[in-house]
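What follows is a short report on a single structure.
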Amino acid sequence: MEFDLLRLEKRIDTVILTDRAILCLEFKTGGPTDAARAEAEDYALDLRDFHAGSRTHAIVPVLVAGTGSFQPPAQPWLFPKQPTDPLVTGAAGLTEMIVWVQEMIPVPPVPIDGAAWLTSPYRPVPTIVEAATMLYARNGVAEIAEARADAANLTRTAGAIARHVAAAQRDGSRLVIFVTGIPGAGKTLCGLNAVFGQTRDDNRAFLTGNVPLVAVLRAALSRDATQRKVCDRREAERRVKQALQNVHRFLEDGATDPNYLPPERLIVFDEAQRAWDEAKAKLGTRNKPSRLTASEPAHTLEIMGRRQGWAVIIALIGNGQEINTGEAGLREWGRVIAADSRWRAVAARRVVDAAESSQRLAEEGASWLTCDEELDLTVPMRSVRDRSGAAWVDAVLRGDLDAARTIAASAPELAYFVTRDATAWRQAIRHFARGRRRAGLVRSSGAKRLRAEGLAAEVESGEVPDWFLRHWPDIRASDALETAATEYACQGLELDVVGLAWGGDFSQASEGWRAWRFVGQAWQRDLKEYEFVRNTYRVLLTRARYETIIWVPPGSPVDEPFHDRTRPASRMDAIAAFLVACGARPLPALPPPLPAPALL
């Protein structure tokens, strides 16, 4: 009874172990609803994915609603689907339901051992929103890092950050700590831990130029603090705004008054490789002149160096995720640190060995730089079932067919699917998003001709918190599948199931990938921003914790009436063929959705 999942205070009402099945019971006093059935299914999914003692056994989610009897499903029961489709019964039919399950499920080769099951570890992989909420509620990253056996990398990096911060405090020194890593490896989590972890004070802040990330985390943390009755809503919002700040506003405020002393001694600069260069910094947001007179890295060091004593900047570096012009890169950080003798830096060798000069912090032997390999996150944490996704995406976007195919062949759970049918695409997204798993559509901001394929709507900036935090049947939620998030709305955030609409801005040809920009009424080759377009698809292809279903529109065939030259079918065919050749699986035929639950 009240089986504790140790994840955001989740508890299963009742778990019944038989010799052949694990029954997860969710009790509701009213009648059955889709939301209640999804909740029961979600608990079963959590056991399957995160509870070691449940992975090899049949798991049956059960909604016990009202007082009626049990009616077996009208459709054939989809065992051995894991977990099974939810069963619905009233209190009077509970015994009959258990007997029916026992008759339907054969005895496994190794029956369930109740005592061993109870002692099996439950190691959840939280979403970034869940992780931030737990950290804000004063849990440390070490507790979250028990998510998987391969999460030692995350714990090690968090420990290295804490060690370097402690040394700066002890010595009264100024230090920039660069944390690098592949997409989905936990950089944001390490940054949040430095601000919200076990050592909590008001002189630490998480700064980011990622406006959607700030909006979503602020909304989630203030709601959670209010629900836990820590304080009222207004006070919760005030505290969260103090800890989660827009980096551009932080720098402009500091640049306005040269005598201003920031209250923070430690700041986390999220996506620091995307800090603005001098030209972009002077131009400001929305092309309005700002108060900045130098690059953002230069202003950051100057502002944080005003106070006497120690100061630390933790710069989170998302390698291969530069998606806009005006981003200064690591080279600018290295230049301003080298020019100010008060500051030193520590980072993994990745920042010295980078092939691209703009992302190289320093040349070999820089006197102000110390190398620490524990600051490099190399193990992907976002994907729950498979760790090969980031490497596969990198090979695909490099156009390395052999490497991508080899990775896919050695990763049977690599969950990338391709379809040309928009209806099947949406059906598959809903099929894979079982329980309370969050699904959503994503697309490139440059994929302008998706409008002609029926996908024009993008998530507006003010809609992002509702899109990421609400659930269907709220039409503002991501799983309504009505609007798509661009790379700007979803970078740094994640979904359980992603539906990626591939646009005409990044296509496959005999010589490799090509980037395109839509100007007027035609596509033009985009040679200048090729890397930005490619990185856009890297961001979009690495947002999913479970499945990514890619829809490549059919385009417009040459011989059809009213042929649309802006949507050439041959170009879209080449994209789909290359993805499948790399190891993405054609979307299989899926069973029809279950009918709504009913009781006698």
Side-chain angles (χ1 to χ4, degrees), residues 388-389 391-409 411 414-429 431-432 439 441-456 481 484 486-487 497-516 518 523 525-526 530 533-544 547-560 563-590:
S388 305
W392 182 81
V393 167
D394 181 67
V396 169
L397 296 181
R398 284 188 287 106
D400 193 335
L401 176 63
D402 292 337
R405 188 180 291 159
T406 299
I407 294 169
L414 186 70
Y416 287 86
F417 299 88
V418 174
T419 183
R420 312 299 303 280
D421 185 332
T423 300
W425 179 54
R426 282 186 166 87
Q427 290 175 344
I429 294 167
H431 170 81
F432 286 119
L441 309 181
V442 301
R443 51 165 288 180
S444 163
S445 60
K448 301 299 185 182
R449 294 305 293 147
L450 285 175
R451 177 173 62 181
E453 304 283 0
L455 188 64
L481 304 186
T486 68
E487 66 274 20
V497 179
V498 165
L500 166 58
W502 203 285
D505 57 333
F506 200 59
S507 66
Q508 180 63 206
S510 58
E511 66 271 28
W513 290 105
R514 289 181 172 183
W516 301 85
F518 194 74
W523 291 102
R525 281 288 300 276
D526 193 343
Y530 171 82
V533 179
R534 182 169 69 171
N535 287 341
T536 288
Y537 279 85
R538 188 189 310 277
V539 169
L540 300 177
L541 283 164
T542 56
R543 291 308 94 192
E547 294 84 7
T548 297
I549 302 98
I550 304 168
W551 171 51
V552 182
S556 176
V558 175
D559 58 355
E560 76 171 1
H563 167 62
D564 183 354
R565 292 179 299 172
T566 68
R567 298 184 295 115
S570 59
R571 185 180 295 179
M572 308 314 290
D573 292 343
I575 294 169
F578 184 76
L579 293 172
V580 171
C582 285
R585 289 181 278 174
L587 188 66
L590 301 172

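Values below: all heavy atoms of this structure, side chains included; hydrogens, waters and symmetry mates excluded. The residues of the chain are indexed from 1 along the displayed sequence.
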Partners meeting side chain to side chain donor-acceptor pair (under 3.5 Å) with R398 (sequence neighbours left out)
D394, D400
Among L441, L587, L481, I550, the one residue meeting side-chain contact (heavy atoms from CB on, under 4.5 Å) with W425:
L441
So, taking the atom named CG in L397 and the one named CH2 in W392, what distance separates them when rounded to the nearest 0.5 Å?
8.5 Å
W513 side chain vs V396 backbone, donor-acceptor pair below 3.5 Å
yes
Restricting to side chain to side chain contact (heavy atoms under 4.5 Å, CB included), what partner residues turn up for R585, sequence neighbours left out?
F417
With sequence neighbours left out, the residues meeting side chain to side chain contact (heavy atoms under 4.5 Å, CB included) with A581 are L401, R405
If you define the side chain from C-beta out and look only at heavy atoms, does anything of V418 sit under 4.5 Å from F578?
no
If you round to the nearest 0.5 Å, how far is CG of L414 from CD1 of I407?
8.5 Å
Students often mix this up, so state it plainly: with edges at 30° and 60°, are the rings of F506 and Y530 parallel, tilted or perpendicular?
tilted
Side chain to side chain donor-acceptor pair (under 3.5 Å) involving T548 - partner list, sequence neighbours excluded
none
Tell me the side chain to side chain donor-acceptor pair (under 3.5 Å) pairs involving residues 414-423, sequence neighbours left out?
R420-D573
Smallest separation among heavy atoms of I575 and G503, with atom names:
CD1-O, 4.2 Å
Looking at T566, is its backbone amide N or carbonyl O close enough to the side chain of W523 to form a donor-acceptor pair, meaning the two atoms are under 3.5 Å apart?
yes
S444 and its side chain to side chain donor-acceptor pair (under 3.5 Å) partner, picked from D505, T536, T486
D505
Within a radius of less than 6.0 Å around CZ of R565, do more than 12 heavy atoms belonging to other residues, nucleotides or ligands occur?
no
Among all residues two or more places apart in sequence or in another chain, which pass the salt bridge (charged side-chain N to carboxylate O under 4.0 Å, His left out) test with E511?
R514
Under the rule for side chain to side chain donor-acceptor pair (under 3.5 Å), what residues qualify as partners of S445, not counting sequence neighbours?
E487
Pairing residues for E547 by the side chain to side chain donor-acceptor pair (under 3.5 Å) criterion, not counting sequence neighbours
R385
Euclidean distance, Y537 OH relative to R443 CZ, rounded to 0.5 Å:
8.5 Å
Once side chain to side chain contact (heavy atoms under 4.5 Å, CB included) is applied, do any residues pair with A577, and if so which ones, sequence neighbours excluded?
none
Could you pull out the closest heavy-atom pair between C582 and A408, with the gap in Å?
O-CB, 3.7 Å
In this structure, CH2 of W551 is separated from CD1 of I429 (nearest 0.5 Å) by 10.5 Å
Can you name the side chain to side chain contact (heavy atoms under 4.5 Å, CB included) partners of P586, sequence neighbours left out?
V580
Can you name the residues that form a salt bridge (charged side-chain N to carboxylate O under 4.0 Å, His left out) with R426, not counting sequence neighbours?
none
Could you tell me which non-hydrogen atom of P557 sits nearest to which non-hydrogen atom of H563, and how far apart they are?
O-ND1, 2.9 Å
Under the salt bridge (charged side-chain N to carboxylate O under 4.0 Å, His left out) rule, what pairs show up with a residue in residues 446-456, not counting sequence neighbours?
R449-D564, E453-R567
